[in-house]
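Taking it in order: structure first as structure tokens, then the write-up.
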Amino acid sequence: MKTIIYQTFPRLFGNFNGNLVKDGSISQNGCGKFNSYTDKALYSIKDLGVTHLWFTGVIRHATCTDYSAFGLPKDHSAVVKGMAGSPYAIKDYYDVCPDLAENIPNRMAEFEALVRRAHDAGMKVIIDFVPNHVARSYQSVMKPAYVEDFGHGDHTNRAFDPMNNFYYLPGQSLLLSCEEPEEDFEYSEFPAKATGNDCFKAEPDRNDWYETVKLNYGIDYQNDGRTYFSPVPDTWEKMLDILLFWTGKDVDGFRCDMAEMVPVEFWDWIIPRVKSRKNVKFIAEVYNPQLYRDFINIGGFDYLYDKVGMYDTLRAVIADKSSANALNACWQATGDIQKNMLYFLENHDEQRITSDFFARKAEIAIPAFAYLTFLNINPVMIYNGQELGERGMDGEGFSGYDGKTSIFDYWSMETVRNWADTGKFDGKNLPQSQLELRETYKRILTLANREKALYSGSFYGLDFCNTYPSDRITAFLRKFEDELLLVIINFDEKECEVAINIPQNAFEVLNIKDNTVSKTTNLLTGEETVSALTQYSPYYAKVSASSYNLLRFKLLQ
């Protein structure tokens, strides 16, 4: 089967409260829970064709919600983004977010039960691993007794030491220009630590990751980036223990936040050690294409985000700022590592398709999603609410009107609330257009899981030998054993009839006899015919507006 990842944010997914207040507290706006993922919820996700669930925001992070009554130190609001806080400002690597628990002292057991339910529903579980930075107020309460906290043995009078966990600015106090007078006392940090986005100054601004501190992996950034990897830095050893801890919780993979900001040598060291315990998957958030092969061939990652290539290009095509032909450069640039590229149209960092900042209409992006799903054997991802046309146009608080679903605020998603129907997950509260959109996503993902040519077959691009009636059309072949699939993608908002030329080279590469009689099935309509493919004349087909056509040729001997 094809790996299909569903990114879901528990804080938002299971929150059915629609009476929301800007900058609202958890008591005002509510919060989803681990227990919100009931069997009905999980099977409704599985029904889409999903194989992997990425739960975002599991590990305990800094927040403005006070849990000191439960033995969890309170965070200062000056170093928390939003009321709920960023899930990437980790407060304790050995704990789960108390927001997500019905019974806070029992929070880890509730997470473990969720993992079991997901497995019982036939899906694997991915969580975030945040290696580059931690919350400014990092303090592990739940670490094993043998573990020393980050920074415990640091030489704080040194800007850099290979065995320090943090980078310091000796003699300087942290100054927060973004601080608001919400507390009785100012946040204090002396000496100041370097900020998570490689900001080596004592006064980070609002655009910096001021709520986080950079972890030290043995690179002296302030002295020409000299590396000190032997002996193994203390941070490496601490991170190995953390990953093994979560592997012991039976998770199946880690989405590694800002992996490229951590040296590839670390990944080369740690991934084999973790995989020797359990064959978990590692997904890297890497934005520099020049580093892709290093993180796969040296670092050992299974999958990488393809944001700069495929996502950015598809977005331009959807917006009619680029022709469909531009997509060919994307798969050609990563041809040798194609199986490792993770494709997506939405995630927590990107603007919603249906937002005013992107496509406005969810249907316009359907050909793009079909394209990235059918193109090759690599995994694809959808973000909770994408399949329902969630707009992300709420002014939640810290996030603001940015076309994204906030990761910083206590909030909920209207489309998911309506789909969930307070736990029924029957979609009866959805308008017909959203039900049809969900069915369209389900159809695409089901085809990707069902057709062997799509999830394990070979690929052959056809654009180089064809002239289409619109520059918003692209086509390619997929082949497995005696089945050949012709995929035609139409980004145009009008129906097109296309004549597809298949060159001699395609017959040779895919090992197909020219003019072979085939049983042909239109996989969208079920219509069956008998036809033959030949290099000497084109194959004619229609494709609907903002849609795709998928034709299966059963090659007869």
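Checking each of Glu528, Glu527, Glu451 against Arg552 for a salt bridge (Lys or Arg N to Asp or Glu O under 4.0 Å) leaves exactly one that passes, namely Glu451. Of the candidates Trp246, Phe55, Tyr37, Phe111 forms a ring-ring contact (aromatic ring centres under 6.0 Å, His included) with just one, namely Trp246.
Residue-environment remark: OH (Tyr536) stays at or below the threshold of 12 foreign heavy atoms within 6.0 Å. The environment of Gln290 atom CD is sparse: at most 12 non-hydrogen atoms of other residues, nucleotides or ligands sit within 6.0 angstrom. No more than 12 heavy atoms of other residues, nucleotides or ligands lie within 6.0 Å of CG in Asn511, so this atom counts as exposed by the packing criterion. The environment of NZ in Lys278 is crowded: more than 12 heavy-atom neighbours from other residues, nucleotides or ligands sit within 6.0 Å. Atom NZ of Lys124 sits in a sparse spot, with 12 or fewer heavy atoms from other residues, nucleotides or ligands closer than 6.0 Å. Atom CZ of Arg450 sits in a crowded spot, with more than 12 heavy atoms from other residues, nucleotides or ligands closer than 6.0 Å.
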As a quick check of understanding, evaluate side-chain hydrogen bond (donor to acceptor under 3.5 Å, both in side chains) for Asp426 and Trp419, giving each step before the final call. CA-CA 6 Å; Asp426 54 17; Trp419 169 255; over 6 Å; no
Between Glu265 and Tyr217, is the side-chain hydrogen bond (donor to acceptor under 3.5 Å, both in side chains) condition met? List the steps. CA-CA 10 Å; Glu265 291 85 354; Tyr217 282 82; over 6 Å; no
For the pair Val416 and Leu12, evaluate side chain to side chain contact (heavy atoms under 4.5 Å, CB included) and give the outcome as yes or no after the intermediate values. CA-CA 9 Å; Val416 176; Leu12 300 171; over 6 Å; no
Would you check, one step at a time, whether the test salt bridge (charged side-chain N to carboxylate O under 4.0 Å, His left out) holds for Arg391 with Asp356? CA-CA 8 Å; Arg391 298 193 67 235; Asp356 294 349; 2.4 Å; yes
Report the C-alpha separation of Lys452 and Glu481 in whole Å, then their side-chain angles, then the decisive distance to 0.1 Å, and conclude whether the salt bridge (charged side-chain N to carboxylate O under 4.0 Å, His left out) test is met. CA-CA 9 Å; Lys452 289 183 178 179; Glu481 294 180 347; 5.4 Å; no
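Between Phe254 and Phe282, the ring planes are tilted. Angles from 30° to 60° get that label.
For the side-chain contact (heavy atoms from CB on, under 4.5 Å) test, residues two or more places apart in sequence or in another chain that qualify with Cys97 are His61, Asp99, Leu100. Evaluation of the ring-ring contact (aromatic ring centres under 6.0 Å, His included) rule for Tyr305 yields Phe344 as partners, not counting sequence neighbours.
For the pair Arg478 and Phe374, the NZ or CZ position fails the cation-pi test of under 6.0 Å to the six-membered ring centre and within 45 degrees of the ring normal.
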